[in-house]
Participant: 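One structure follows; several queries about it will come next.
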Amino acid sequence: MCGCQEVAGDDIDALLETIEQSNGLTLQSEGLSVGHLSTELKRYFGARAVLGDQRPRQRQRQFHRSTWMTIPKDTWPRFSRPGISMTLRESRDGLQYFTFEHSRDYQQIQFKFLDSVESMDPNNIVALLQMNPYHIDSLLQLSDVCRIQEDQEMARDLIERALYSFECAFHPVCSLTSGTSRLDYLRPENRAFYLAVYKHMMFLERRGCPRTALEYCRLILSLDPDSDPLCMLLLIDFLSLRSREYNFLLRLYQDWEVHRNLSQLPNFAFSVALSHFHLSQEDQTESEERERLKHKADLLLQNALIMFPGVLMPLLDLCTVQPDAAVSSHDFFGPRSQLGQSPALAELVSLYVGRTHTLWREGGVLLWLEECVREVLRRVDTKDPLVEDCQNKRKQRYQSAPLNIHRHVILSEIKEATSTLPLEVTTQSVMGFDPLPPLDSVASYTRPERSSISWQFLTWNTQNKNRLMSFRRKFFVSGHFEPVIEPTNADAPDTQLV
């Protein structure tokens, strides 16, 4: 990348070589340390830019517990254990199942936090944090407020403080790099850790550190790979492409396609094709291998377009490309292709297009797409059997999206996708600190009932009401959900995302 400054001894490729040499997908996160992030930042921005704000800290260093995900800052309040601990619940089949626990005092703080949320006044959360500077949910919620107000630095700082609080509570045998630690999302105490890591990951991606963000994505997926409560399978392909980890994405696809049917997800269908294309364009690839990869990429992209024709026109629109009249007027890619999608499929397609359209603007990619679109139209006109087969699959599958997909869309904040959320999600409030909690949550303690409620906002005047309602629209995602009845085995979609 132009303008980047290489630093002696900071060979990120050497650090990541262990991933390339692994057999299959282990979901280990070898590069989660702060050192990995520092290396990536140095690679992009130079050592001086990265180390500039660290040298004063080294002169004023206080004693802190060694942590992997964050480095405590001197500007943070003095750390004292907030009342969070981690317990090892059980070990079986080489896996260790942990859970976070709240002390009785922390539970009382949590009740006050819920009161503050219901007041819809962020000043109440600020006051709570002044007294309890490492309360997790308050840090997460206030971070959202700062981000909405475009104070990105403060928003990121609050998330890092939450991660530090979590990491100080880790069980001695809990390892983020082993890939064998599990955390049950059904337990509310654990869900905040998922959200903190997710938000930290997105800050890293926006700062231009997609390789480090990919490691955090793998970490979240490793915590509960079967349920995938934040649906990281809808994001991991994008981060792999952004960080040019094409071989990792292909290994993931090969290892998981058999039991997760990843090809039935629009993002994987297109991203795997795009990975083959980029590998075919690399200078070090032998000519024979280059031809093989290019042919494979062509076939995969054509099949993806046949399976998901509703992707093309929105993708070209976001790429500011005017399609050829022969394409836009053809029934296969015309308006009917989008109107014929089920709501669940439209949600997946909109998420993919809204998130990854910038990847299709890169040099040579649009020309390749144009070539494949012409071939797809030829196959459609000649009645290729795959066209009818994919049409039948679209009708049978994608009947309803599971809760974790809706949760992912809400967290993504991609407007193309959030506009496709169903009414049962968009007509009820969804709290930012716990979006769409599982219907079968396992609560270890409950909020006590109160005999009387006298909120200050019940005596609003018109001005205060308008201010608070405006805050609510920004601070909370307006959403609604009803119990999701999982489909029976007979009509369940092939792709397991629940």
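Nothing fancy with the numbering, it's 1 onward along the sequence.
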Participant: Does any part of the side chain of Ile71, heavy atoms only, come nearer than 4.5 Å to the side chain of Glu160, both counted from C-beta?
Facilitator: no

Participant: Below 30° counts as parallel, above 60° as perpendicular, anything between as tilted: where do the rings of Trp360 and Phe270 land?
Facilitator: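 Taking Phe270 first and then Trp360, their aromatic rings stand perpendicular (interplane angle over 60°).
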
Participant: Minimum heavy-atom separation for Ala196 and Leu163, please, with both atom names.
Facilitator: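 Closest approach of Ala196 to Leu163: CB-CD2, 3.8 Å.
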
Participant: Between Tyr198 and Phe193, does the ring centroid distance fall short of 6.0 Å?
Facilitator: no

Participant: Verify the distance criterion only: is there a donor paired with an acceptor across the side chains of Gln264 and Arg397 at less than 3.5 Å?
Facilitator: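 Present: a donor and an acceptor within the cut-off.
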
Participant: Given the ring of Phe98, does Arg89 sit roughly above its face, with NZ or CZ under 6.0 Å from the centre of the six-membered ring and within 45° of the axis?
Facilitator: no

Participant: To check you understand the geometry: which heavy-atom pair defines the closest contact between Ser143 and Ala155, and what is its length?
Facilitator: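 Heavy atoms of Ser143 and Ala155 come nearest at OG-O, 2.8 Å.
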
Participant: Consider only side-chain N and O atoms of His406 and Glu347, and report whether a donor and an acceptor are under 3.5 Å apart.
Facilitator: yes

Participant: Regarding Glu245 and Ser240, is there a side-chain donor-to-acceptor distance under 3.5 Å anywhere?
Facilitator: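 Judged by distance alone, the side chains do not pair up.
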
Participant: Kindly give the heavy-atom pair with the smallest separation between Ala344 and Gln399, and that separation in Å.
Facilitator: CB-C, 4.4 Å

Participant: Is any NZ, NE, NH1 or NH2 atom of the basic residue among Asp115 and Arg447 found under 4.0 Å from an Asp or Glu carboxylate oxygen of the other?
Facilitator: yes

Participant: As a test of understanding, state which of Phe166, Tyr106, Phe79 forms a ring pair (Phe, Tyr, Trp, His ring centres under 6.0 Å) with Tyr134.
Facilitator: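 For Tyr134, the ring pair (Phe, Tyr, Trp, His ring centres under 6.0 Å) check succeeds only for Phe79.
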
Participant: Where do Val430 and Pro435 come nearest, in terms of heavy atoms and distance?
Facilitator: CG1-CA, 3.5 Å

Participant: May I ask you to check if Arg206 and Phe203 form a cation-pi contact, with NZ or CZ under 6.0 angstrom from the six-membered ring centre and within 45° of the axis?
Facilitator: yes

Participant: Between Phe238 and Tyr352, is the ring centroid distance below 6.0 Å?
Facilitator: no

Participant: Check Asp157 with Lys73, please: is the shortest side-chain N to carboxylate O separation under 4.0 Å?
Facilitator: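 Judged by the 4.0 Å cut-off on N to carboxylate O distance, Lys73 and Asp157 do form a salt bridge.
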
Participant: Which atoms form the tightest heavy-atom contact between His135 and Leu129, and what is the distance?
Facilitator: O-CD2, 4.0 Å

Participant: Hey, are Arg211 and Glu205 close enough for a salt bridge, meaning a charged N less than 4.0 Å from a carboxylate O?
Facilitator: no

Participant: Would Arg92 pass as a cation-pi partner of Tyr97, given that its NZ or CZ must be under 6.0 Å from the six-membered ring centre and within 45 degrees of the axis?
Facilitator: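 Relative to the ring axis of Tyr97, which defines the angle, Arg92 lies inside both limits.
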
Participant: Give a yes-or-no answer on whether the side chains of Asn267 and Asp237 include a donor-acceptor pair shorter than 3.5 Å.
Facilitator: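 Looking only at side-chain atoms, Asp237 and Asn267 do form a donor-acceptor pair, the distance falling under 3.5 Å.
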
Participant: Mind checking whether Arg355 and Ser412 have side chains closer than 4.5 Å, heavy atoms only?
Facilitator: yes

Participant: Got Phe268 and Leu249 here, is their nearest side-chain heavy-atom distance under 4.5 Å?
Facilitator: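 Phe268 vs Leu249: side chains touch.
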
Participant: Under a plain distance cut-off of 3.5 Å, with no hydrogens placed, do Glu101 and Ser444 share a side-chain donor-acceptor pair?
Facilitator: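 Judged by distance alone, the side chains do not pair up.
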
Participant: Would you kindly say whether Asn261 and Trp256 are connected by a side-chain donor-acceptor distance under 3.5 Å?
Facilitator: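 No, Trp256 and Asn261 have no side-chain donor paired with an acceptor closer than 3.5 Å.
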
